[in-house]
Visitor: 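Got a structure here, written out as C-alpha cells. Questions coming.
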Amino acid sequence: MRILLTGTNGQVGGALRPLLAAQATIIAPSSSEFDLSKPEGLTDRLNDFRPDLIVNPAAYTAVDRAEEQRELAFLVNAKAPEVIAQWAAKHRVPLVHFSTDYVFDGSGDASRREDSPTGPISVYGESKLAGDVAIMAAGGPHLIARTSWVYAAKGTNFLRTIARLACERKELRIVADQIGAPTAARAIAGAVADIVLPNLANLNDLFARKGGVVNVVCAGETNWHGFASVIVEGLRRRGVKLQVETVVPIATADFPTKAKRPSNSRLDLSHLRDEFGVVMPDWRDALGPELDGLVAAGDVSMPR
Ligand SMILES: NC(=O)c1ccc[n+]([C@@H]2O[C@H](COP(=O)([O-])OP(=O)(O)OC[C@H]3O[C@@H](n4cnc5c(N)ncnc54)[C@H](OP(=O)(O)O)[C@@H]3O)[C@@H](O)[C@H]2O)c1
C-alpha cells in the first residue's frame with residue numbers, strides 16, 4: 001500500500017505521517033516537488049507516484065493574505081484538488097481531502113451538518129468550497145474531512161501565538177464573539193487514521209457507501225477568548241513564567257482583519273459518530289498534550 005501524503009510540513013499532514021506510516025509506505029513530496037500552485041504538472045507526478053491512496057491536507061491556509069492572492073488560493077485550494085480528484089477517479093484511487101468551517105457564512109447559532117447550505121464570506125472559504133465541489137464532481141471515491149480552528153505544538157497557529165504573547169504582554173485582548181471548536185491536528189489525524197487504516201483494503205467501497213463530507217472537529221465549543229484563557233491557565237499550571245495578567249474579551253469589530261470570519265463555526269459531529277464510530281475528544285482534553293509538547297520543546301519561557 002503506497003499512500004501519497006501532501007503537506008507533511010503542515011499541522012495535519014505532520015500529525016498524519018507517523019500514523020499512516022505504521023501501515024503503509026508513505027510518499028511525502030515537498031511542496032516544491034508536488035506544487036499545488038502548478039496544477040498542470042500534477043498529473044505527471046501522480047503517474048510517477050502511482051499511489052494506492054491519496055491524502056491531501058496541503059492547502060493555501062493564509063486566510064487574510066488570500067484576500068489579495070485570490071488566484072493563488074484558487075490554484076492551490078480548488079484547481080489542484082480538482083486535478084488530483086480527476087486522476088484519482090480515473091484510476092479508482094480513493095482520496096482523502098480536508099475542508100473548513102469557513103465554507104459557511106456563520107449565521108445563526110445552529111451546528112452545521114455536512115449537507116447544510118454553504119456560503120463562504122472570505123476568498124479562502126470560497127477557494128476551499130470550490131475544491132470540495134470539484135472533488136465531488138470528479139465522481140471518484142472520496143472523503144472530505146471538514147475541520148476548524150486547527151492548532152498543534154508546532155506551526156503557525158493560535159496556541160503558539162497566545163503562548164508567545166502571554167510571555168511578552170501584560171494584557172491580551174481576544175475576540176469573544178466567534179464560536180467554534182479548537183481542534184488539535186493530532187485529533188484530526190487520529191480520526192482520519194481510525195477511519196482509513198482498518199479499511200485500507202476496501203476504501204473504495206467504504207467511501208462509495210459512506211464517503212463525501214464528514215465533520216471532524218473536537219467536541220464542545222468555546223470562543224477565541226475562552227480558548228486563549230484556557231491556554232494561559234494551562235501554561236501557568238505547567239510552571240511557565242508568564243507576563244500576562246488579564247485576558248480581555250473583545251468584539252470582532254474591535255479586531256479588524258482583511259478576511260471576514262464566520263461568527264458561528266459549530267460543526268455537528270453526529271455523522272462522524274454514527275457512520276464511522278469515531279468519537280472526538282473534548283477540545284480541552286485534546287489541548288493538554290499539545291501544551292505539554294510546547295513546554296517540553298522549550299518554545300515558551302520557563303521559570304529559572
Ligand atoms: N489551520 C486551520 O485552522 C484550518 C481550519 C480548518 C480547515 N483547515 C484545513 O485543514 C487542512 C490542513 O491544514 P493545516 O492547518 O495542517 O495547514 P498548514 O499547517 O498551514 O500546512 C499547509 C501545508 O500545505 C502545504 N502547501 C502550501 N502551499 C502548497 C503548494 N503550493 N504546493 C504544495 N503544498 C503546499 C504547506 O507546505 P510548505 O510548508 O512547504 O509551504 C504545508 O505543508 C487544509 O486543507 C486546511 O484548509 C485548516
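Read the numbers this way: they start at 1 and go in the same order the structure lists the ligands and their atoms. Note that these values count all heavy atoms, side chains included, but never hydrogens, waters or copies made by symmetry.
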Visitor: Polar contacts were defined as any N/O atom of the residue lying under 3.5 Å from an N/O atom of the ligand; does this apply to S148 and ligand 1?
Guide: no
Visitor: Answer with yes or no whether T147 contacts ligand 1, where contact means a heavy atom under 4.0 Å from a ligand atom.
Guide: yes
Visitor: Please work out whether any backbone atom (N, CA, C, O) or any side-chain heavy atom from C-beta onward of L36 is under 4.0 Å from ligand 1, and answer side chain, backbone, both or neither.
Guide: both
Visitor: Tell me, please: is Y151 in heavy-atom contact with ligand 1, that is, under 4.0 Å?
Guide: no
Visitor: Within a distance of under 4.0 Å, is there any protein heavy atom near atom 44 (C) of ligand 1?
Guide: yes
Visitor: Quick one: does ligand 1 sit under 4.0 Å from the side chain of Y60, the backbone, both or neither, non-hydrogen atoms only?
Guide: neither
Visitor: Check F158 against ligand 1 and report side chain, backbone, both or neither, counting heavy atoms closer than 4.0 Å.
Guide: neither
Visitor: Does some side-chain heavy atom of L200 sit less than 4.5 Å from a side-chain heavy atom of Q23?
Guide: yes
Visitor: Name the orientation class of the two ring planes belonging to F158 and W224 (parallel below 30°, tilted from 30 to 60°, perpendicular beyond 60°).
Guide: tilted
Visitor: Under 4.0 Å from ligand 1, counting heavy atoms only, is it the side chain of V76, its backbone, both or neither?
Guide: side chain
Visitor: Of all the non-hydrogen atoms in the protein, which one sits nearest to atom 26 (N) of ligand 1, and at what distance?
Guide: A59 O, 3.9 Å
Visitor: Compute whether any side-chain donor of one residue and acceptor of the other, for Y60 and Q69, lie under 3.5 angstrom apart.
Guide: yes
Visitor: Give the single entry among R146, H97, Q11 that approaches atom 15 (O) of ligand 1 most closely by any heavy atom.
Guide: Q11
Visitor: Hey, is P57 one of the residues with a heavy atom under 4.0 angstrom from ligand 1?
Guide: yes
Visitor: Flag yes if L5 and I27 sit in one hydrophobic cluster, no otherwise; membership is Ile, Leu, Val, Met, Phe, Trp, Tyr, and two members link when side-chain heavy atoms are under 4.5 Å apart.
Guide: no
Visitor: Please confirm whether S99 approaches ligand 1 to less than 4.0 Å, judged on its heavy atoms.
Guide: yes
Visitor: Taking a cutoff of less than 4.0 Å between a non-hydrogen atom of the residue and any ligand atom, is F34 in contact with ligand 1?
Guide: yes
Visitor: Please work out, at 4.0 Å between heavy atoms, whether the side chain, the backbone, both, or neither of S32 comes within that distance of ligand 1.
Guide: neither
